[in-house]
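Since this is a predicted model, take the numbers as computed values, not measurements. Each chain gets a letter, A, B and so on, in the order the sequences are listed, and its residues count up from 1.
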Protein chains: 2
Amino acid sequence: MATLRDVAREAGVSVATASRAINGLGNVTAPTKAAVMAAVKKLNFVPHSGARSLTRRKTDTVGVILPDLFGEFFSEIIRGIDLVAHESGMHLLLGNMHGSTHETAAAIAAMRGRVDGLLVMPPDLKPELLSDYLDPTLPTVLLNYDAGSLDLPFVAVDNYRGAYAMTEALLAGGARQVVHIAGPKHNRDARDRQRGFVDAMAQVGGVRNPAILPGDFSEESGVKAARLLVEGQLPADAVFAANDQMAVGLIAGLAESGKSVPGDIMVAGFDDIPLARHLNPSLSTMQVHIDRLGSTAMMLLLRILRGETLGAASATILTPALVARGTTGGVAAARTSA
Amino acid sequence: MATLRDVAREAGVSVATASRAINGLGNVTAPTKAAVMAAVKKLNFVPHSGARSLTRRKTDTVGVILPDLFGEFFSEIIRGIDLVAHESGMHLLLGNMHGSTHETAAAIAAMRGRVDGLLVMPPDLKPELLSDYLDPTLPTVLLNYDAGSLDLPFVAVDNYRGAYAMTEALLAGGARQVVHIAGPKHNRDARDRQRGFVDAMAQVGGVRNPAILPGDFSEESGVKAARLLVEGQLPADAVFAANDQMAVGLIAGLAESGKSVPGDIMVAGFDDIPLARHLNPSLSTMQVHIDRLGSTAMMLLLRILRGETLGAASATILTPALVARGTTGGVAAARTSA
DNA sequence: TTCGCCTGTGTAACCGGTTACGCTGTGAAC
DNA sequence: GTTCACAGCGTAACCGGTTACACAGGCGAA
């Protein structure tokens, strides 16, 4: 592979001149520049980004650290990030914490020297730990994580208000006994959604200790919840699952037990994954523009990298929108129904 | 941020010793090593990967260049790649060609000096162009792309045989007039699937010029195909869509026209996206382990990077498996049905 | 005692770019 | 005819690591 020195030699100039010519800095005459460019073409020279970033002290890359890469949720986030990053000529370096705290530290450490900034989504990490791992000199935006005590910019979904709104809607739709399927215990999203549910039940429904079934955001745990519900003879006329994935499993489980949705029992989810509208009946849910979560965070990071100071703008909360569909009897079944 | 020199100074040793201690090279006494490690802790030193990769001439990163980042297909590929990469301590640098040829060249060029190898998926690029863009010194594995004349290792899905098998199955299931909804014209997957369909129709069904409707892999184009089919009064008792996405649209469109699936008409897709089994009736399709596409390619690349020479092994073809479900009357409707 | 080897450590070159600074030669101003 | 500013270009230091090579000291063998 040709280096800049090779190009300089070929063009009969110094490396400094070659560098200036290639990067379009002013002080190079047209003929000199032409000679350099000819050498570049001839030798097929492509600048070594690693070396360049070493002196420039910028890499034009941002690190993205996600808890997992599974499912549409993450692909949407990445797509949103990429959209904005691409516009600014930034690259994306993917890190995956694979659920382990230790891996998280490693993933973050490995980013040093490779990226100009970090986008981190640590749904089940304690703030103190997180601040230990993060490099304070590296611009960082948190995804879906209210930093709280940490003084870091973040973009989050208003899980609390979303859950509150959905619960309210179920009650308004005639449900009296609403059961919640919770997400993983340590997951902040899950906890906030549960809080929203509990508060809405108390404040709007006048119910003190609403039933809550355990879950872990997986489809399987939704199936299990259906079993618990039916076998446990839990009185319920509506179930609000903490995410769509569990709602999908729940509906399958209810169908096996001969329960009809929404006839016997209404079902609602959270996230509005693409699958939601294709179910039959289609799934009522809280629509989160997942890609916007990513793109907003990326825009925030870009502004920080540009040196802008963002005061209150550093905390962005996206409010999910209620989408009433078939499983709450809100609208006719999706058109995919036969 | 502390550098190696800082650590060396703090520990009272030279940079060489510090480097050796940190990297666990043998020739360092225990007390010296301890002193260095103490300095590392104290100064919070994290090696600068950029600088390190400059001398080591390896980056522990592979570049992944995909045509797009939309939908579950790509998220699954990335997940498969990440799974293997992570095991080997490799990082993933994402490049996106955003559908444009020019961007493709830029994406590939930007990788120089940042990665040790490349995973490229160029579904609608001509081989000659591709070889122009690629750096011959950079180990590269092609995804879902039979390099043909190019002498590059690749991992691909046997689209031809998959389509052939599905068409055969439809015919065996009693269909006589099978219509194909094709994918984008320049897309190799789409073309191979169409060939498989045409050949099977001729060889197994004895049909010379089977009907083929245009499509572009989008759900929308499936809906359009349904319209063409019904309004055009095309005689058909089965439709084989070149991918699941279009099959989904097709089913929706047929439902709108009052056609029942599989009663009036059977439907089959290709890919087995997660949504497929959740439809009602569930979608018959060719199962492609998309994540394996990614992980296999990554394993191939790793072996090349390790210096292994792989002869015939450099071309891997994954054969998709037929999954008969509701839309071909093959099995009972999915359990998500009410 | 002397030689040689081996171990632990330091010096400095190097990876491939960028850029501060210094040098040269030209034309304008005096 | 000097002086000066400035444009164009080259030299060399630098980014932050790795590592070839040199070197010092300790030890066993001759």
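Between B:Leu43 atom CG and D:dG16 atom P there is a gap of 14 Å when expressed in whole angstrom units. In this structure, B:Lys58 places its NZ atom 19 Å from P of C:dC15, rounding to the nearest Å. When the P atom of D:dG16 is taken as reference, atom CZ of A:Arg112 falls 7 Å away, rounded to whole Å. Counting to the nearest Å, the P atom of D:dA5 and the CG atom of A:Asn27 are 19 Å from each other. Nucleotide D:dG16 holds its P atom 12 Å from the CZ atom of B:Arg9, rounded to whole Å. Remark: P of D:dC14 and NE2 of B:His48 are 17 Å apart, rounded to the nearest angstrom. Counting to the nearest Å, the C1' atom of D:dC14 and the CG atom of B:Leu54 are 12 Å from each other.
Not one side-chain nitrogen or oxygen of A:Thr3 sits closer than 4.0 Å to the OP1 or OP2 atom of C:dG16. Between D:dG16 and A:Arg57, a contact under 4.0 Å exists linking OP1 or OP2 to a side-chain N or O.
Within a 6.0 Å radius of CZ in B:Arg292, no more than 12 heavy atoms belonging to other residues, nucleotides or ligands are found.
When all heavy atoms are compared, the tightest approach of A:Lys42 to A:Glu10 is NZ-OE2, 2.9 Å. Heavy-atom minimum distance, B:Ala85 versus B:Leu92: CB-CD1, 3.6 Å. Minimum interatomic distance between A:Leu300 and A:Ser314 (heavy atoms only, all atoms of both residues): CD2-O, 3.6 Å.
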Review item, nucleotides 18-20 of chain C N/O atoms under 3.5 Å of protein N/O:
residue, atom, partner, partner atom, Å
C:dT18, OP1, A:Asn23, ND2, 3.2
C:dT18, OP1, A:Arg52, NE, 2.7
C:dT18, OP1, A:Arg52, NH2, 3.0
C:dT18, OP2, A:Ser19, OG, 2.7
C:dT18, OP2, A:Asn23, ND2, 3.3
C:dT18, O4', A:Thr55, OG1, 2.9

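When distances are taken from the side chain of B:Thr29 to each of C:dT9, D:dG8, D:dG10, the shortest belongs to C:dT9.
Using modelled atom types, one finds a donor on one side chain and an acceptor on the other under 3.5 Å when comparing A:His86 with B:Glu103. There is no side-chain donor-acceptor pair under 3.5 Å between B:Thr104 and B:Thr101. With 3.5 Å as the limit, one finds a donor-acceptor pair spanning the side chains of A:Ser14 and A:Thr17.
When heavy atoms are screened at a 4.0 angstrom cut-off, A:Ser53 is found touching no nucleic acid atom at all.
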